[in-house]
Visitor: 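One structure follows; several queries about it will come next.
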Amino acid sequence: MRIRSALAVTAAAGTLAVLAATPAQATEYSSALKIRGVQYDAPGTDSNNCTTGNSKSEYVTIKNYSRTATVNLKGYVVRDATSTNKFVFPSNHYLEPGDYVKLRGGHGTDSDANNVVYRQNCNFYWNNDKDTIRLYKPSGAHADTHAYTRYDDGNRDGYITYHG
């Protein structure tokens with residue numbers, strides 16, 4: 001009995017050591033939807049003027065990586081690092097397996113055919129120097145999260161790709 005207890009404690013300690021060695025950013029959430037990329041810095045000089053500005057050029061791409069399941073975006077939430085900027089997909093928008101949507105700033109008409117949803121807000125969403133993009137399921141569970149800095153952008157075009 002005493003030997004089994006000692007073995008169990010040793011095994012548990014080994015498991016804890018392995019878990020402690022795993023970095024937090026390595027967490028992979030179980031979701032078909034993932035952040036494919038972000039245009040965090042719109043080309044040109046930033047202007048959030050709804051008529052002449054370029055906030056429509058800032059977007060996050062969300063992709064359905066499932067091979068079989070169609071996913072409805074209604075109720076999914078996109079947030080920045082501080083949760084100051086939050087967007088909830090308000091209506092049905094279906095992503096077939098392998099399909100994607102660009103969530104753009106500015107005003108426009110959402111379109112399944114053109115794979116675009118507009119935030120109906122001309123303010124910029126993402127910081128140009130660093131930020132965190134969080135995607136949540138309608139249940140509130142994490143779907144995907146990525147942090148970036150402008151130094152992660154190898155070709156300095158304001159766009160970073162995730163999940164290939």
Visitor: Scan residues 45-155 for pairs that pass disulfide (SG to SG under 2.5 Å), counting only residues two or more places apart or in two chains.
Guide: C50-C122
Visitor: For H146, enumerate each residue passing the ring-ring contact (aromatic ring centres under 6.0 Å, His included) test, keeping only those at least two apart in sequence or located in another chain.
Guide: Y162, H163
Visitor: Is it the case that H93 and D110 place a side-chain donor and acceptor less than 3.5 Å from each other?
Guide: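 Note: H93 and D110 side chains miss the donor-acceptor criterion.
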Visitor: Treating N64 as the side-chain partner and A69 as the backbone partner, does any N or O pair qualify as donor plus acceptor under 3.5 Å?
Guide: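 Yes, because the side chain of N64 sits within donor-acceptor range (under 3.5 Å) of the backbone of A69.
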Visitor: Determine the minimum heavy-atom distance between T84 and D80, stating which atoms define it.
Guide: N-OD1, 3.0 Å
Visitor: Excluding sequence neighbours, so at least two apart, what forms side chain to side chain contact (heavy atoms under 4.5 Å, CB included) with S47?
Guide: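 Partners of S47 under the side chain to side chain contact (heavy atoms under 4.5 Å, CB included) test: N49, N54.
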Visitor: If every non-hydrogen atom of R36 is compared with every non-hydrogen atom of Y65, which pair is closest and at what distance?
Guide: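 Between these two residues, the closest heavy atoms are CD-OH, 3.0 Å.
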Visitor: Does atom CZ of R67 have more than 12 heavy-atom neighbours from other groups under 6.0 Å away?
Guide: no
Visitor: Going by the rule side chain to side chain contact (heavy atoms under 4.5 Å, CB included), which residues pair with T149 if we only count those two or more places apart in sequence or in a different chain?
Guide: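 With neighbours one apart ignored, the set is K130, Y151, D152.
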Visitor: Once ring pair (Phe, Tyr, Trp, His ring centres under 6.0 Å) is applied, what residue pairs with a partner in residues 110-139 remain, sequence neighbours excluded?
Guide: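 Only Y136-H142 qualify under ring pair (Phe, Tyr, Trp, His ring centres under 6.0 Å).
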Visitor: Please report the C-alpha distance between D131 and I133 in whole Å, then the side-chain angles of each, then the deciding distance to 0.1 Å, and finally whether the side-chain contact (heavy atoms from CB on, under 4.5 Å) criterion is met.
Guide: CA-CA 7 Å; D131 214 331; I133 308 157; 5.8 Å; no
Visitor: Going by distance alone, is a donor N or O of one side chain under 3.5 Å from an acceptor N or O of the other, for D41 and Y159?
Guide: no
Visitor: Any non-hydrogen side-chain atom of K137 less than 4.5 Å from a side-chain atom of S31?
Guide: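 Yes, close enough: below the 4.5 Å cut-off.
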Visitor: For the backbone of R79 and the side chain of N85, can you confirm whether one donor and one acceptor N or O come within less than 3.5 Å of each other?
Guide: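 No, because the side chain of N85 does not come within donor-acceptor range (under 3.5 Å) of the backbone of R79.
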Visitor: Among I62, N72, V77, find the one that has a side-chain contact (heavy atoms from CB on, under 4.5 Å) with F89.
Guide: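 Single side-chain contact (heavy atoms from CB on, under 4.5 Å) partner of F89 among I62, N72, V77: I62.
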Visitor: Does I35 form a side-chain contact (heavy atoms from CB on, under 4.5 Å) with T61? I'd like the steps, not just the answer.
Guide: CA-CA 6 Å; I35 299 161; T61 304; over 6 Å; no
Visitor: Spell out, yes or no, whether V60 and V117 are grouped together once hydrophobic residues are joined by side-chain heavy atoms under 4.5 Å, including indirect joins.
Guide: yes
Visitor: Hey, what do you get for CG (L95) to NZ (K63), rounding to the nearest 0.5 Å?
Guide: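 Reported value, rounded in 0.5 Å steps: 11.0 Å.
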Visitor: Using distance only, find each side-chain donor-acceptor pair of residues 96-106 under 3.5 Å and give its atom names and separation, not counting sequence neighbours.
Guide:
residue	atom	partner	partner atom	Å
E96	OE1	T70	OG1	3.1
R104	NH1	K56	O	2.6

Visitor: Quick check for you: to the nearest 0.5 Å, what is the distance between T145 atom OG1 and L135 atom CG?
Guide: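 One gets 8.0 Å once the value is rounded to the nearest 0.5 Å.
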Visitor: Does one hydrophobic cluster hold both F87 and V71, with members joined at side-chain heavy-atom distances below 4.5 Å?
Guide: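 Yes, same cluster.
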Visitor: Between Q39 (side chain only) and G158 (backbone N and O only), is there a donor and an acceptor less than 3.5 Å apart?
Guide: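 Side chain of Q39 to backbone of G158: a pair is present.
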Visitor: Out of N127, D153, N128, which residue meets the side chain to side chain donor-acceptor pair (under 3.5 Å) rule with Y40?
Guide: D153
